[in-house]
Amino acid sequence: MKPWHPLQARLHRQLKTRALLPRQSSILIAVSGGQDSLCLAQLLMGLQPHWGWRLAIVHGDHGWRPDSAANAAHVVGLAQQWQLPVWVETAKVPPASEAAARRWRYQTFEALAQQHGYSTIVTGHTASDRAETTLYNLIRGSGLDGLQSLTWTRSLSPTAPHLTLVRPLLAFTRQETGCFCQEQGLPIWTDSSNEDLGFRRNRLRRELLPYIRQHFNPQAERALAQTAEIVTAEVAYLDAETDGWYERAVTPHTQPSAWEMSQSVLQQAPLALRRRLCRRLLQAALNQSPSFDQVEKLSALANSPNGSQTDPFPGGAIAIVRQGSIWLVPSEDDARKLYKTKQLR
Ligand SMILES: Nc1ncnc2c1ncn2[C@@H]1O[C@H](COP(=O)(O)OP(=O)(O)OP(=O)(O)O)[C@@H](O)[C@H]1O
């Protein structure tokens, strides 16, 4: 038997200690054709006899670049060479942004995984991606949740709770995956859009991070990825704490729909949890991630007198203080209905 490559041995240890990909799992590998996902596919294939996984490849063709069909054909060719099942999903209309493309990819891959009985989708995200995301989110003013950036695992959607997204390469840098591909002679497909400095993300990767490395910390990438790792555990802890406070503080009502939050519970909550409670409530009520200012606006009602009210949130929802409760109602109209039913007195 061929001795394991050091990266393969490291990945094996990671998978064991973190219990990321259980034995006999059915795994769909998301392969863009870039160096990270090629490295991932190759490493998983090498470990497959030991873990007994069922592996397959999936590729998403966004139709963005003139060479996107050739890119897809390249991935199909590799999968055939590796003797793995392969699916290519093509976007009917090219997604309008990076974020839209990501959403489309995960939705399509998720449907495919369900259809063919795969329990896990894996991506080639690395410590370098993690470092960049953390730095990017820091500059944008994100809280801890943004700084944790990419997590090792996450469930893909509430409609498919058994389906997990796993990122097994978060401990490897892009430099390591690049060297690995070169050593193994893996044919990397170069995505020309990665060079485009019109994208903020690329400028951060090609200009800001090299500057930080040169002038502040040659290990900046590892340091940022480490920050993300530390923050991930802290966010998990705070989330679990928030669960209990949310349960005690918030009562949902129907007809008309409204959320009632106890003012005294909100007052007792430490500021970090108070903000989390308000954020979670706004997320549920508005169906979108609230901004910091919106969270602060709701949180300020913890100490506001009876009768206080916020100006409308996006979509027209308002929050009103009544008799020790903060009522979050979808609109002024709903507030009037509540007055009629005497709940809001
Ligand atoms: N078009 C795609 N088809 C399949 N998987 C994709 C696609 N684009 C991205 N992915 C998955 O998401 C991961 C991260 O995507 P990202 O856009 O950061 O990487 P990339 O630069 O396109 O390619 P790579 O990470 O493979 O070098 C990839 O490693 C890959 O697993």
State whether a side-chain donor-acceptor pair under 3.5 Å links [X] with [Y].
X      : Y      : answer
Glu89  : His59  : no
Thr134 : Ser149 : yes
Arg322 : Asn306 : no

Any salt bridge between [X] and [Y], counting N to O under 4.0 Å?
X      : Y      : result
Glu98  : Arg201 : no
Arg174 : Glu132 : yes
Arg203 : Asp196 : no
Glu110 : Arg103 : no
Asp129 : Arg167 : no
Arg105 : Asp61  : no

Notebook entry, point to check: Tell me, which pairs form a ring-ring contact (aromatic ring centres under 6.0 Å, His included) where one or both residues lie in residues 195-216, sequence neighbours left out?
Noted result: Tyr211-His215
Margin query: For Pro330 versus Ser257, what's the shortest heavy-atom pair and its separation?
Written below: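 Pro330 and Ser257 have their closest heavy atoms at CD-O, 3.0 Å.
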Check: Parallel, tilted or perpendicular: which describes the rings of Trp87 and Tyr118, with under 30° parallel and over 60° perpendicular?
Finding: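 Taking Tyr118 first and then Trp87, their aromatic rings stand perpendicular (interplane angle over 60°).
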Next item on the list: Sequence neighbours left out, what passes side-chain contact (heavy atoms from CB on, under 4.5 Å) with Glu183? Give chain and number order.
Entry: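 With sequence neighbours excluded, Glu183 shows a side-chain contact (heavy atoms from CB on, under 4.5 Å) to His5, Cys179, given in chain and number order.
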Next item on the list: Would you please test His62 and Trp104 for ring pair (Phe, Tyr, Trp, His ring centres under 6.0 Å) and show each step?
Entry: CA-CA 9 Å; His62 304 119; Trp104 170 77; 5.4 Å; yes
Notebook entry, point to check: Ignoring hydrogens and geometry, is there a side-chain-to-backbone donor-acceptor pair from Ser25 to Ile27 under 3.5 Å?
Noted result: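 The answer is no, because no donor-acceptor pair under 3.5 Å joins these two groups.
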Note to self: By the side-chain hydrogen bond (donor to acceptor under 3.5 Å, both in side chains) test, which pairs, at least two apart or in different chains, include something from residues 76-86?
What the structure shows: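 Residue pairs passing side-chain hydrogen bond (donor to acceptor under 3.5 Å, both in side chains), neighbours aside: none found.
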